[in-house]
Amino acid sequence: MNDFQKLSLNLGKTSLLAAAEMMAAAAEGARRMRTHQLTTITQALNENAALSDQIKDVKGNENLIALCATLAGIQFKYASAYWSGVYRVASENQIEFQKLGQMQSKEVQRHLATSFEVAVNGGPEPVVEAVKATVTAMTVGLNTLARATADSMRLAETPSMVTNGALPPH
């Protein structure tokens, strides 16, 4: 196997490894989201059950109205906590995914640059031209990805009006 073939093989391995790492990051993000959802819902159900026990002991309308107000407050608190947490976890997942994408794009760029050097320094002309075109296209794509990732990370790190409590979630 010549140098160019070895480099192509390494680039293929790197690409497949990157895809596997992205899938693992997506699965971990889904796990974090599910954990948040189940935790919040379980807390709300437990508090609701405790309030239900109090409703059984109500002896007058004033107490019933007070418990209704308490129940409404509890429901609003957990609905807000649920949606704020969903937005927070989604933002964290996005940031993690983007950091991983940036690391992987740097690794792919490194492999492409090495392949380009090998091709230019001894490869046949059609291979050199193909590698040049590939490197150019990948560089443009990776630079665009890097800009989009940076913009997206800034957006994800900026608290929204919902997550900071200024607005209730829809």
Side-chain angles (χ1 to χ4, degrees), residues 7-55 66-116 131-170:
L7 289 169
S8 295
L9 177 63
N10 286 338
L11 181 59
K13 287 181 188 179
T14 300
S15 299
L16 287 176
L17 180 60
E21 288 173 352
M22 292 298 247
M23 289 302 297
E28 176 60 22
R31 187 201 59 76
R32 283 193 302 263
M33 182 66 75
R34 185 194 69 222
T35 298
H36 161 71
Q37 291 170 326
L38 290 175
T39 300
T40 305
I41 290 169
T42 301
Q43 290 171 345
L45 289 173
N46 290 341
E47 200 161 336
N48 196 38
L51 193 60
S52 294
D53 290 340
Q54 292 178 15
I55 292 171
L67 280 176
C68 285
T70 301
L71 179 60
I74 289 169
Q75 289 174 341
F76 180 77
K77 175 179 85 171
Y78 282 107
S80 296
Y82 177 85
W83 287 109
S84 293
V86 166
Y87 294 131
R88 178 187 49 77
V89 171
S91 295
E92 290 168 357
N93 290 346
Q94 183 68 20
I95 289 168
E96 191 63 32
F97 207 62
Q98 291 164 342
K99 286 178 182 177
L100 182 59
Q102 284 181 330
M103 288 181 351
Q104 291 172 345
S105 71
K106 288 177 184 176
E107 185 67 16
V108 169
Q109 281 181 320
R110 186 180 65 77
H111 280 288
L112 286 173
T114 303
S115 298
F116 180 73
V131 170
K132 281 182 184 178
T134 302
V135 168
T136 300
M138 288 296 290
T139 300
V140 169
L142 292 171
N143 288 338
T144 302
L145 174 64
R147 283 192 306 274
T149 298
D151 291 345
S152 203
M153 287 177 70
R154 279 192 296 279
L155 182 61
E157 291 171 344
T158 304
S160 73
M161 293 182 75
V162 172
T163 59
N164 69 17
L167 294 176
H170 289 56

The criterion is side-chain contact (heavy atoms from CB on, under 4.5 Å); which residues satisfy it with [X], sequence neighbours excluded?
X	value
Ala25	Phe97, Leu100
Leu17	Glu21
Thr70	Leu51, Ile74

Value rounded to 0.5 Å, distance of [atom1] in [X] from [atom2] in [Y]:
X	Y	atom1	atom2	answer
Asn48	Ile41	CG	CD1	12.5 Å
Leu45	Tyr78	CG	OH	10.0 Å
Gln37	Thr42	CD	OG1	11.0 Å

If you look only at pairs with a residue in residues 28-54, which of them pass as a ring pair (Phe, Tyr, Trp, His ring centres under 6.0 Å), with sequence neighbours excluded?
His36-Tyr82
In chain order, what residues pass the salt bridge (charged side-chain N to carboxylate O under 4.0 Å, His left out) check against Arg31, with sequence neighbours excluded?
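Expected list: Glu28.
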For Lys77, what residues pass the salt bridge (charged side-chain N to carboxylate O under 4.0 Å, His left out) criterion, not counting sequence neighbours?
Glu47
